[in-house]
Amino acid sequence: MTTSLLWLRRDLRRHDHPALAAAADAGGVLAVYVLDPDHLAGAGPGRLAWLAATLRATAESFDGRLCVRLGDPTEVIPALARELGATAVHATAETEPAGRMRDDRVAQALAGMGIDWLVTGSPYAVTPGRVRTLAGRGYRVFTPFEKAWRAHGWRDPAVTPDSLDGPTPRQWIQPEAAALLNSWLTDCPIGLPPAGEAAARQAWREFRDERLDSYAEDRDRADLPSGSRLSAYLALGVLHPRTLLADLAGRSDPGATKFVSELAWREFYADVLWHHPDSLSGDLVETLTGMTFDEPDARYHAWQAGRTGYPLVDAGMRQLLAEGWLPNRVRMVVASFLLKDLHLPWHLGARHFREHLIDYDTASNTHNWQWVAGTGTDAAPYHRIFNPVSQAAAADPDGAYVRRHLPELAHLPGPAALRPWDHPDGHRHGYPVRILDHAAERAEALTRYRLAVGG
């Protein structure tokens with residue numbers, strides 16, 4: 001029997017999987033996931049536990065036939081292909097800079113062994129680099145990208161086999177890899193959502209049937225379960241965006257339209273990173289190179305711990321630590337606070353999110369932070385500064401979200417929880433006083449902006 005190796009990365013699923021379909025068409029298939037220490041660097045215990053739980057669920061969906069190895073993929077994949085006598089290694093295209101360079105090295109090693117390297121599909125509905133301007137360049141502004149992205153369209157979901165044939169390796173999960181996965185799950189400090197493709201599809205159906213109709217209106221409300229909560233599944237490829245788009249085909253109602261637009265944002269940032277790989281570490285728009293920043297101090301640690309004295313900021317940062325996730329609007333508010341109130345560079349916030357978010361996505365995380373900083377795509381001027389108090393009134397008008405994540409404020413009724421400094425008992429249970437005056441720091445941010453741009 002002809003054997004192909006299917007190297008799983010950001011595609012931990014059985015359905016709508018073009019690379020799996022291509023591998024199965026060629027004969028027997030063995031799936032493998034490589035725990036790469038370089039790739040996992042910077043991931044905190046919550047993210048690692050989410051990966052471990054997802055791999056465990058993926059192994060079950062492959063009827064236990066998922067090989068997990070620990071090491072450098074440029075060594076592990078060629079060695080495993082040789083061990084199996086594989087004629088080809090199949091994979092979903094990687095589009096991020098480090099992954100692309102790694103795959104080039106793997107392909108080169110395989111070529112020297114006479115083994116084919118075959119790439120089919122990508123983690124996106126439209127592979128980054130496909131949507132271009134009339135001049136042949138990538139887009140740097142979202143609105144025209146979305147229009148072109150919708151016009152380009154995407155393929156129908158891929159049909160994948162219900163059963164797989166393939167060899168039996170000596171060890172499905174390398175003992176060292178098994179010990180690592182078990183330790184990640186044992187040491188998990190957060191509550192994880194249900195893992196695996198079946199859970200992801202159930203979460204999608206519940207959102208589609210119960211909350212999508214109100215999504216356009218309620219998506220910025222932190223106090224309501226208005227979001228899809230699918231981002232953690234999309235990040236590891238447990239769901240493919242094409243699957244969701246196919247389910248919404250023909251719908252033009254506000255909820256569906258807005259949700260598709262949010263998927264487009266994810267694809268837009270991936271496309272920007274494809275065209276501008278240097279933006280992973282540097283500003284996409286270098287208009288604020290003269291900006292001065294402070295050094296991280298006790299106030300930075302208060303932001304990390306959710307103890308700034310501003311309830312919406314603190315509720316978001318506490319939720320991040322407890323769940324590895326927070327609503328999109330709250331992400332923008334806490335990011336603005338770090339950048340414009342604490343006067344710190346966006347790299348610090350991006351690194352903190354990379355450690356804690358279970359839905360961490362390199363392109364989206366980097367370019368969302370740059371958007372708030374005013375140095376990225378659709379560059380919001382640096383003088384756009386989120387007011388943490390007025391934002392709280394809009395996102396959490398009755399204080400339910402704040403009380404849910406800040407037990408020190410659970411005794412305050414209604415919107416009083418959003419302004420504890422105005423309540424005689426606001427700090428009775430240990431909630432911290434504000435570490436800064438937002439109005440003063442806003443003025444300071446604007447002064448620094450004017451000096452940076454020479455105004």
Side-chain angles (χ1 to χ4, degrees), residues 9-11 39 42 92-104 119 121-154 230-231 234-237 240-242 244-245 258-289 291 328-329 331-332 335-336 339 345-354 357 359-382 384:
R9 289 90 71 87
R10 289 193 289 160
D11 52 355
H39 176 71
T92 299
E94 184 51 84
T95 63
E96 296 173 353
R100 290 160 64 181
M101 291 188 289
R102 175 204 61 205
D103 285 3
D104 287 344
V119 172
S122 81
Y124 303 96
V126 180
T127 300
R130 297 275 178 85
V131 177
R132 294 176 179 263
T133 67
L134 293 177
R137 293 189 290 269
Y139 287 90
R140 290 172 61 142
V141 178
F142 174 70
T143 301
F145 171 85
E146 182 186 15
K147 183 178 179 180
W149 176 79
R150 288 177 182 264
H152 180 282
W154 36 83
L230 298 176
S231 55
L234 289 167
L236 294 180
H240 195 284
R242 180 181 47 233
L244 311 182
L245 290 165
K258 187 61 179 177
F259 183 75
V260 171
S261 182
E262 291 303 305
L263 291 177
W265 271 105
R266 181 174 180 270
E267 308 239 333
F268 172 55
Y269 284 146
D271 191 75
V272 170
L273 186 58
W274 171 273
H275 288 287
H276 305 279
D278 290 345
S279 67
L280 194 58
S281 56
D283 292 329
L284 179 69
V285 180
E286 297 182 349
T287 55
L288 297 177
T289 53
M291 180 69 70
N328 185 63
R329 172 59 58 167
R331 296 186 194 209
M332 290 190 285
S336 180
L339 301 173
W346 65 263
H347 305 82
L348 285 176
R351 189 184 309 152
H352 187 72
F353 275 22
R354 180 183 67 186
L357 284 173
D359 65 358
Y360 174 74
D361 175 276
T362 299
S364 292
N365 187 59
T366 299
H367 286 289
N368 271 318
W369 274 95
Q370 289 191 33
W371 185 91
V372 179
T375 61
T377 60
D378 280 4
Y382 191 85
R384 179 182 295 171

Quiz item: Around atom CZ of Arg130, are there more than 12 heavy atoms of other residues, nucleotides or ligands at under 6.0 Å?
Solution: no
Self-check item: Exceeds 12 heavy-atom contacts within 6.0 angstrom, atom NE2 of His39
Solution: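 Open: at most 12 neighbouring heavy atoms sit under 6.0 Å from NE2 of His39.
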Practice problem: Mind checking side chain to side chain donor-acceptor pair (under 3.5 Å) for Asp283 and listing every partner two or more places apart, or none if nothing turns up? | Solution: Trp346, Thr375
Practice problem: Could you name each residue pair satisfying side chain to side chain donor-acceptor pair (under 3.5 Å) that touches residues 263-272, not counting sequence neighbours? | Solution: Trp149-Glu267, Tyr269-Asn368
Return yes if some donor-acceptor pair links the side-chain N/O of [X] with the main-chain N/O of [Y] below 3.5 Å, else return no.
{"X": "His347", "Y": "Ser281", "value": "yes"}
{"X": "Gln370", "Y": "Leu280", "value": "no"}
{"X": "Ser336", "Y": "Met332", "value": "no"}

Quiz item: Once you round to the nearest 0.5 Å, how far does CG of Asn365 lie from CG of Leu273?
Solution: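 Taking CG in Asn365 and CG in Leu273, the distance rounds to 11.5 Å.
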Practice problem: Would you check, one step at a time, whether the test side chain to side chain contact (heavy atoms under 4.5 Å, CB included) holds for His367 with Phe268? | Solution: CA-CA 10 Å; His367 286 289; Phe268 172 55; over 6 Å; no
Quiz prompt | Flag side-chain contact, heavy atom, 4.5 Å: Trp371 against Arg384 | solution =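 Trp371 vs Arg384: side chains touch.
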Quiz item: Can you name the residues that form a side chain to side chain contact (heavy atoms under 4.5 Å, CB included) with Ala135, not counting sequence neighbours?
Solution: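 Ala135 satisfies side chain to side chain contact (heavy atoms under 4.5 Å, CB included) with Thr133, Arg137 only.
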Self-check item: Option from Arg9, Arg100, Arg10 for which salt bridge (charged side-chain N to carboxylate O under 4.0 Å, His left out) with Glu94 holds
Solution: Arg10
Quiz item: Given Ser231, which of Asn328, Asp359, Asp361 fulfils the side chain to side chain donor-acceptor pair (under 3.5 Å) condition?
Solution: Asp359
